[in-house]
Amino acid sequence: MSKNPKHITHSQQFNQDFLDSLFDRATKHKNTIEAGGAPKRTLQDKYLVSLFYEPSTRTRFSFELAAQRLGMHVIETENASQFSSAAKGETLEDSIEVIDRYYPDVIVLRHKDEGAAERAAKVSRASILNAGDGAGQHPTQALLDLFTIQNKLGKTDGLNIVAGGDLKNGRTIRSLAYLLARYPGNKFFFISPKSQQMSEDIKKYLNDNKIEFVEDEKPDEYLPDADVVYWTRTQRERGSEDGQEIVLDKKLVKAMKDSAIVMHPLPRVDEITTDVDELPQATYFEQAGNGLFVRMAILEHVLGVV
Ligand code: NCD
């Protein structure tokens with residue numbers, strides 16, 4: 001695969017050329033926008049359709065604003081399961097076949113079914129970007145997560161990563177685990193209630209790639225040596241049982257190194273207390289902000305302008 005993939009469906013697909021080029025470009029956009037500048041409109045008069053069958057705040061807004069910053073036109077439906085022909089029983093494949101005939105350049109798809117993005121990519125001329133497929137993957141989130149780690153810690157290898165919460169149904173940590181498994185010396189500490197443990201496919205992948213991992217139900221003993229703490233919410237909509245959250249509070253975060261970072265894909269419910277926000281380790285809002293810069297770079301890569 002080149003540094004310009006056509007579709008983005010899962011995070012095992014990326015190669016190092018793509019990641020390096022993507023992060024260079026995202027850094028450029030971050031610097032320009034944070035300094036109050038306007039990036040070059042490299043995608044003028046290209047068209048993006050954002051097709052969301054599941055709720056979203058960050059992913060949808062950051063993709064749509066990224067597209068508009070680069071000069072694209074954006075058409076969106078934020079509640080496709082109710083307001084598109086899916087409500088009448090149309091299959092995803094048929095919907096994509098039809099939307100594709102209106103010649104969009106990119107379709108950003110969030111869907112409740114695992115594998116939906118791959119099914120869409122099979123029938124689409126436009127680039128399909130997987131914005132979350134059920135309990136499957138969320139590869140563009142993993143890219144912005146890895147970018148945040150590189151940006152804050154200056155490296156993506158040799159890290160102790162404590163990942164907590166609903167690891168079974170949380171698609172963001174699944175995608176990020178695949179990405180972090182590429183780098184030597186990373187070690188995972190998976191913290192979750194028994195019913196929400198990391199699934200076998202990821203554990204097998206880590207074993208195959210000789211990445212060490214530990215599973216436990218309490219984070220306390222792992223936090224002082226952590227470099228990255230990645231917390232997630234209970235995925236109630238995917239059947240995970242409520243009321244078992246492992247709560248990350250101020251006391252726990254204060255036991256971490258000052259240089260460590262606390263990440264969360266958001267939305268947070270009550271698994272990170274709000275008094276953590278003022279601590280230097282709290283990185284989740286900055287992480288969400290990076291979504292704009294990384295998604296600008298993603299659009300430029302899939303459309304081949306960098
Ligand atoms: C996540 C998702 O949709 O998977 N949100 C996001 O895109 N940042 C995480 C979640 O909903 O828990």
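Read the numbers this way: they start at 1 and go in the same order the structure lists the ligands and their atoms. Every value quoted in this text rests on a predicted model; they were computed, and no experiment measured them.
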| task | Output the list of atoms in ligand 1 that are nearer than 4.0 Å to some heavy atom of Gln141, sorted by atom number. | result | 6 (C), 7 (O), 8 (N)
| query | Who's the nearest protein heavy-atom neighbour of atom 3 (O) of ligand 1, and how far? | reply | Arg171 NH2, 2.9 Å
| Residue and atom name of the nearest protein heavy atom (relative to atom 8 (N) of ligand 1), distance in Å to one decimal | Pro265 O, 2.9 Å
| request: Go through the side-chain N and O atoms of Glu271 and His264 and say whether any donor and acceptor fall under 3.5 Å apart. | output: yes
| query | Relative to the heavy atoms of Gln235, which atoms of ligand 1 are at a distance of less than 4.0 Å? | reply | 10 (C), 12 (O)
| message | Are Tyr222 and Phe189 an aromatic pair, judged by ring center distance below 6.0 Å? | response | yes
| said: Test of understanding: given a 4.0 Å heavy-atom threshold, classify the contact between Arg110 and ligand 1 as side chain, backbone, both, or neither. | reply: side chain
| query | If you draw the axis of the six-membered ring of Phe63, does the NZ or CZ of Arg295 fall within 45° of it and under 6.0 Å from the ring centre? | reply | yes
| note | At under 4.0 Å between heavy atoms, what of Ser56 touches ligand 1? The answer is neither
| field | Sole candidate of Thr91, Val98, Leu92, Ile96 that passes side chain to side chain contact (heavy atoms under 4.5 Å, CB included) when paired with Asp94 | value | Thr91
| remark: Residue, atom and distance of the protein heavy atom nearest atom 5 (N) of ligand 1 read Leu266 O, 3.1 Å
| message | Tell me whether Pro267 reaches ligand 1 (any heavy atom closer than 4.0 angstrom to a ligand atom). | response | yes
| field | Side chains of Leu159 and Tyr183 in contact at under 4.5 Å (non-hydrogen atoms) | value | no
| request: Would you check whether His138 has a nitrogen or oxygen atom less than 3.5 angstrom from a nitrogen or oxygen atom of ligand 1? | output: yes
| query | At under 4.0 Å between heavy atoms, which part of Thr232 makes contact with ligand 1: side chain, backbone, both or neither? | reply | neither
| request: Answer with yes or no after comparing the ring centroid distance for Tyr178 and Tyr205 against a 6.0 Å cut-off, counting only values under it. | output: yes
| query | Can you tell me the protein heavy atom closest to atom 11 (O) of ligand 1 and the distance? | reply | Arg233 NH2, 2.9 Å
| query | Under 4.0 Å from any heavy atom of Thr59, which atoms of ligand 1 are there? | reply | 6 (C), 7 (O)
| task | Mark yes when over 12 heavy atoms from residues, nucleotides or ligands other than Lys203 sit less than 6.0 Å from its NZ; otherwise mark no. | result | yes
| query | Is any side-chain N of the basic residue among Lys257 and Asp227 closer than 4.0 Å to the acidic one's carboxylate O? | reply | yes
